[in-house]
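Worksheet: the structure to be examined is printed underneath.
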Amino acid sequence: NEMFLIDQHAAHERIVYEQIDQCLTLDDAGNVIWNGPTQRVMFPICVELPKIINICVDDSVKCLRAIGFECAINADDQAADSPSVAISAIPKICESLDVSALVCDIVGEISDRESKSSLLEVIHKMFATYACHHSVRANHPLNEAEMNALLRQIEGTPRSGQCNHGRPTYVKLLRKDIERLFERTG
């Protein structure tokens with residue numbers, strides 16, 4: 001009597017985003033706290049921050065720490081035009097990414113935010129983009145086990161009806177809708 005069409009990319013994007021979102025909480029003062037797993041790096045990663053006029057290095061480090069990075073401003077260049085940070089641990093979800101590029105993107109997002117945008121909004125925007133870029137693609141073939149796993153996961157995912165961009169993750173067609181497609185009535 002009914003059929004569901006699933007957009008595998010939109011569905012997986014919502015699943016990935018909700019998994020990340022579960023790792024973010026706010027403390028009593030409204031500060032963002034990362035509760036997810038982190039991965040220590042063998043050697044600290046030194047990242048030169050982009051030369052952005054309105055950048056506040058302290059805000060950048062605060063944001064990075066809030067989302068699971070362990071980092072510190074390099075003492076040698078705290079007063080430099082282009083300071084750098086030493087990253088000693090990263091959120092586990094970021095272990096396959098280019099950490100230097102990611103950190104620069106995060107700092108860019110922080111510096112571009114309007115004064116009315118909260119740090120939490122910036123973080124959510126960043127992780128929504130991450131979820132989109134790290135989800136199964138729409139044209140990627142899935143085997144039956146992968147399809148079933150995706151369906152079971154989306155069933156238990158909050159806000160499963162749409163992806164992070166507001167697109168539907170599934171469409172429900174009733175029997176009458178299908179019959180109408182084939183010009184059958186009654």
Side-chain angles (χ1 to χ4, degrees), residues 10-80 82-135 153-166 169:
H12 192 234
E13 181 180 332
R14 173 52 69 186
I15 293 165
V16 171
Y17 180 80
E18 291 299 330
Q19 289 171 343
I20 295 168
D21 193 48
Q22 290 176 4
C23 296
L24 294 170
T25 57
L26 292 175
D27 66 11
D28 293 337
N31 298 311
V32 180
I33 299 171
W34 176 260
N35 292 317
T38 58
Q39 176 69 47
R40 297 205 61 74
V41 295
M42 189 174 291
F43 302 103
I45 302 167
C46 184
V47 180
E48 187 173 320
L49 299 178
K51 294 178 181 178
I52 300 172
I53 296 170
N54 62 341
I55 189 173
C56 176
V57 178
D58 290 335
D59 280 351
S60 299
V61 169
K62 179 182 175 185
C63 178
L64 291 169
R65 288 179 180 156
I67 57 174
F69 287 87
E70 288 182 23
C71 60
I73 302 168
N74 282 330
D76 295 339
D77 57 15
Q78 277 185 337
S82 185
S84 62
V85 292
I87 309 290
S88 56
I90 60 175
K92 190 106 169 106
I93 62 166
C94 300
E95 65 187 350
S96 64
L97 303 178
D98 178 345
V99 174
S100 295
L102 178 63
V103 167
C104 288
D105 286 349
I106 293 167
V107 171
E109 285 286 335
I110 296 165
S111 68
D112 287 345
R113 71 180 171 164
E114 298 174 19
S115 59
K116 64 182 180 237
S117 296
S118 72
L119 180 57
L120 186 60
E121 289 170 331
V122 171
I123 291 169
H124 278 287
K125 179 182 175 189
M126 184 196 67
F127 280 132
T129 301
Y130 173 90
C132 182
H133 293 175
H134 292 85
S135 296
Q153 285 181 304
I154 199 67
E155 287 175 345
T157 299
R159 298 182 292 274
S160 63
Q162 64 184 29
C163 75
N164 312 320
H165 302 103
T169 57

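Here the structure is a predicted model, which means the values were calculated and not measured.
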Evaluate His134 against His12 for side-chain contact (heavy atoms from CB on, under 4.5 Å), listing each step before the verdict. CA-CA 9 Å; His134 292 85; His12 192 234; over 6 Å; no
Nearest heavy atoms of [X] and [Y], plus distance in Å:
| X | Y | result |
| --- | --- | --- |
| Ala11 | Ile154 | O-CD1, 3.5 Å |
| Asn164 | Ala128 | ND2-O, 3.8 Å |
| Gln162 | Gly166 | OE1-O, 3.8 Å |

Using side-chain heavy atoms (C-beta onward) and a distance below 4.5 Å, is [X] in contact with [Y]?
| X | Y | result |
| --- | --- | --- |
| Thr25 | Val32 | no |
| Cys104 | Val47 | yes |
| Trp34 | Ile20 | yes |
| Thr38 | Ile90 | no |
| Leu64 | Val103 | yes |
| Leu102 | Cys94 | yes |
| Ser160 | Glu155 | no |
| Phe69 | Val99 | yes |

Dump the intermediate steps for side-chain contact (heavy atoms from CB on, under 4.5 Å) on Val85 and Leu49, then the final yes or no. CA-CA 7 Å; Val85 292; Leu49 299 178; 4.2 Å; yes
Looking at Glu18 and Arg159, is there a salt bridge between them, counting it only when a charged N and a carboxylate O are closer than 4.0 Å?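 Yes, charged N to carboxylate O under 4.0 Å.
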Stepwise side-chain hydrogen bond (donor to acceptor under 3.5 Å, both in side chains) check, Glu13 with His165: CA-CA 9 Å; Glu13 181 180 332; His165 302 103; 2.9 Å; yes
Has the side chain of Arg65 got a donor or acceptor atom that lies under 3.5 Å from a matching backbone atom of Cys71?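 At least one qualifying donor-acceptor pair exists.
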Indicate yes or no for a side-chain donor-acceptor contact from Tyr130 to the backbone of Ile93 under 3.5 Å, with no hydrogens or angles considered.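 Looks like yes, one N/O pair under 3.5 Å.
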